[in-house]
Amino acid sequence: MKKGFKILAIESSCDETSCAVVVDGRECLSNIVSSQIDIHTRFGGVVPEVASRNHITAIDNVVNLALEKAGCTLNDIDAIAVTYGAGLIGSLIVGVSYAKALSYATKKPLIAVNHIYGHIAGNYLSHKELKPPFVCLVVSGGHTAIILVRDYNHHEVIGNTLDDAVGESFDKVARVLGLGYPGGPKVSAMAHGGCEDIMFAKPNESLGYNFSFSGEKTAVINYIHKLEQKGEQVPVKDICASFERWAVDELCTKTIKACRENGMDKIVVAGGVSANTRLRSELNKRAKEYGIRVYFPDFEYCTDNAAMIGSAGYYAYINGVGIADMTLAPKPSLSL
Ligand code: KG4
Ligand code: ZN
């Protein structure tokens, strides 16, 4: 493979329209993210139809800006990568159709990328020396999983959520407390200085590497409703701190167990919840006791962005994986 292989990557799986130019899977020349958070906030969550319409409006400008910022034209691009799942069908269709059209018009190869493998690759942009094998904790709005990443394209899922994803449960707790969308950062900010001793649910010790967040979430919601019915003050800060402590504890305990039991010495965290400061400090602290090194993506690569898709696309392409053509169709429920 020639040096300086440039990928133009497109991400539109949820409510961010993003385009990036990435060189050799590791160097990001541009990463434009147009977020729709302001649009969806008033509905308390992402409205799929509204999201797809806004992707259509944004995508042309976002792609042009990414090329401009990278100092490139389409002629300088070697391949086009796009998220084809998992995600919202209407949102995925916009990115996939755009990428197919670009690939057809420019005769450049098209690479189909799994959104979650993209999140993992966000770490390759932040840590130039990082290479598999490692244990990956995926924590996003739609997924919570522990994956043994044996090689760039060899992912073995050993733990999964049995119900809600961790980001989703942060969002639901935020909603019931009236904190707004997206809930993770809001709950986390509120947790600061709160008392973390409210016991909503017990740790899920019996689930092996699997997670369950719905019991805790429901216990939090019931706790709030009971206080409201009695006309008592809802201790928002304490609820946020206790919920966050519980969720972070679950994630850390299982990931470290998975790392030790599978003979790995590196943990990589991926997905939107990797921005959580408590998760960052707690996992670092606990892993250190076992000599395990922990990697988190830089904040710009935590939540949805196209640069991570460009990195994953590169490692797929050089290994002959994910090469797509005009028959590529979005897969909303694409598994890991
Ligand atoms: O990976 P992502 O951007 O989108 C999906 O692929 O789902 O993750 C979004 C999720 C949301 O649920 C959001 O509330 C959560 O990540 N999140 C956080 C934080 N920042 C984003 N959760 C906890 N603490 C944060 N600081
Ligand atoms: Zn994501």
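Every value quoted in this text rests on a predicted model; they were computed, and no experiment measured them. Just so you know, ligand 1 is whichever comes first in the structure, and atom 1 is the first atom listed for that ligand.
- Considering both main-chain and side-chain atoms, Cys302 never comes within under 3.5 Å of ligand 1 through any nitrogen or oxygen pair.
- Considering backbone and side-chain atoms together, Gly184 places an N or O closer than 3.5 Å to an N or O of ligand 1.
- Taking the six-membered ring for Trp and the full ring otherwise, Tyr117 and Tyr315 have centroids separated by 6.0 Å or more.
- Residue Lys2 qualifies as enclosed at atom NZ: its count of foreign heavy atoms under 6.0 Å is above 12.
- Looking only at heavy atoms of the protein, atom 6 (O) of ligand 1 is closest to His115 NE2, 3.0 Å.
- Asn160 and His143 are not linked by any side-chain donor-acceptor pair at a separation below 3.5 angstrom, with hydrogens and angles left out of the test.
- Not close to ligand 1: Cys14, with no non-hydrogen atom less than 4.0 angstrom away.
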Start with the C-alpha gap between Asp163 and Ser212, add the side-chain angles, then the distance that decides, and say whether side-chain hydrogen bond (donor to acceptor under 3.5 Å, both in side chains) holds.
CA-CA 6 Å; Asp163 38 59; Ser212 169; 2.6 Å; yes

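- If you check the side chains of Ser13 and Glu11, you find a donor sitting under 3.5 Å from an acceptor.
- Relative to the six-membered ring of Tyr152, Arg26 misses at least one condition, a distance below 6.0 Å or an angle of at most 45° to the axis.
- Considering each of Asp171, Asp304, Leu279, the one bringing a non-hydrogen atom nearest atom 3 (O) of ligand 1 is Asp304.
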Apply salt bridge (charged side-chain N to carboxylate O under 4.0 Å, His left out) to residues Lys217 and Asp171 and explain how you reach the verdict.
CA-CA 10 Å; Lys217 175 205 68 193; Asp171 293 338; over 6 Å; no

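- Residue-level check: among N/O/S atoms of Asp304, OD1 sits closest to the Zn ion (ligand 2).
- Counting non-hydrogen atoms of neighbouring residues, nucleotides and ligands closer than 6.0 angstrom, the NE2 atom of His154 exceeds 12 such neighbours.
- Protein heavy atom in closest approach to atom 10 (C) of ligand 1: Gly141 N, 3.6 Å.
- Below 3.5 Å of separation, one finds an N or O of Asn276 facing an N or O of ligand 1.
- With a heavy-atom cut-off of 4.0 Å, His143 does not touch ligand 1 at all.
- Here the Zn ion (ligand 2) is the vertex; the NE2 atom in His119 and the NE2 atom in His115 give an angle of 90° (to 10°).
- Residues Asn123 and Pro297 share a closest heavy-atom pair of OD1-N, 3.1 Å.
- Under the 4.0 Å criterion applied to side-chain N and carboxylate O atoms, Asp249 and Arg286 are assigned as salt-bridge partners.
- The atoms of ligand 1 that sit less than 4.0 Å from any heavy atom of Gly167 are 12 (O).
- The Gly142 neighbourhood of ligand 1 comprises atoms 7 (O), with distances under 4.0 Å to a heavy atom of that residue.
- When only non-hydrogen protein atoms are considered, atom 15 (C) of ligand 1 lies nearest to Val273 CG2, 3.9 Å.
- With a 4.0 Å heavy-atom cut-off, ligand 1 is reached by no atom of Glu16.
- Taking distance alone, with nitrogen or oxygen atoms compared against 3.5 Å, Gly272 approaches ligand 1 more closely than that limit.
- Of all atoms in ligand 1, numbered sequentially from 1 with element shown, those under 4.0 Å from a heavy atom of Thr303 are 3 (O).
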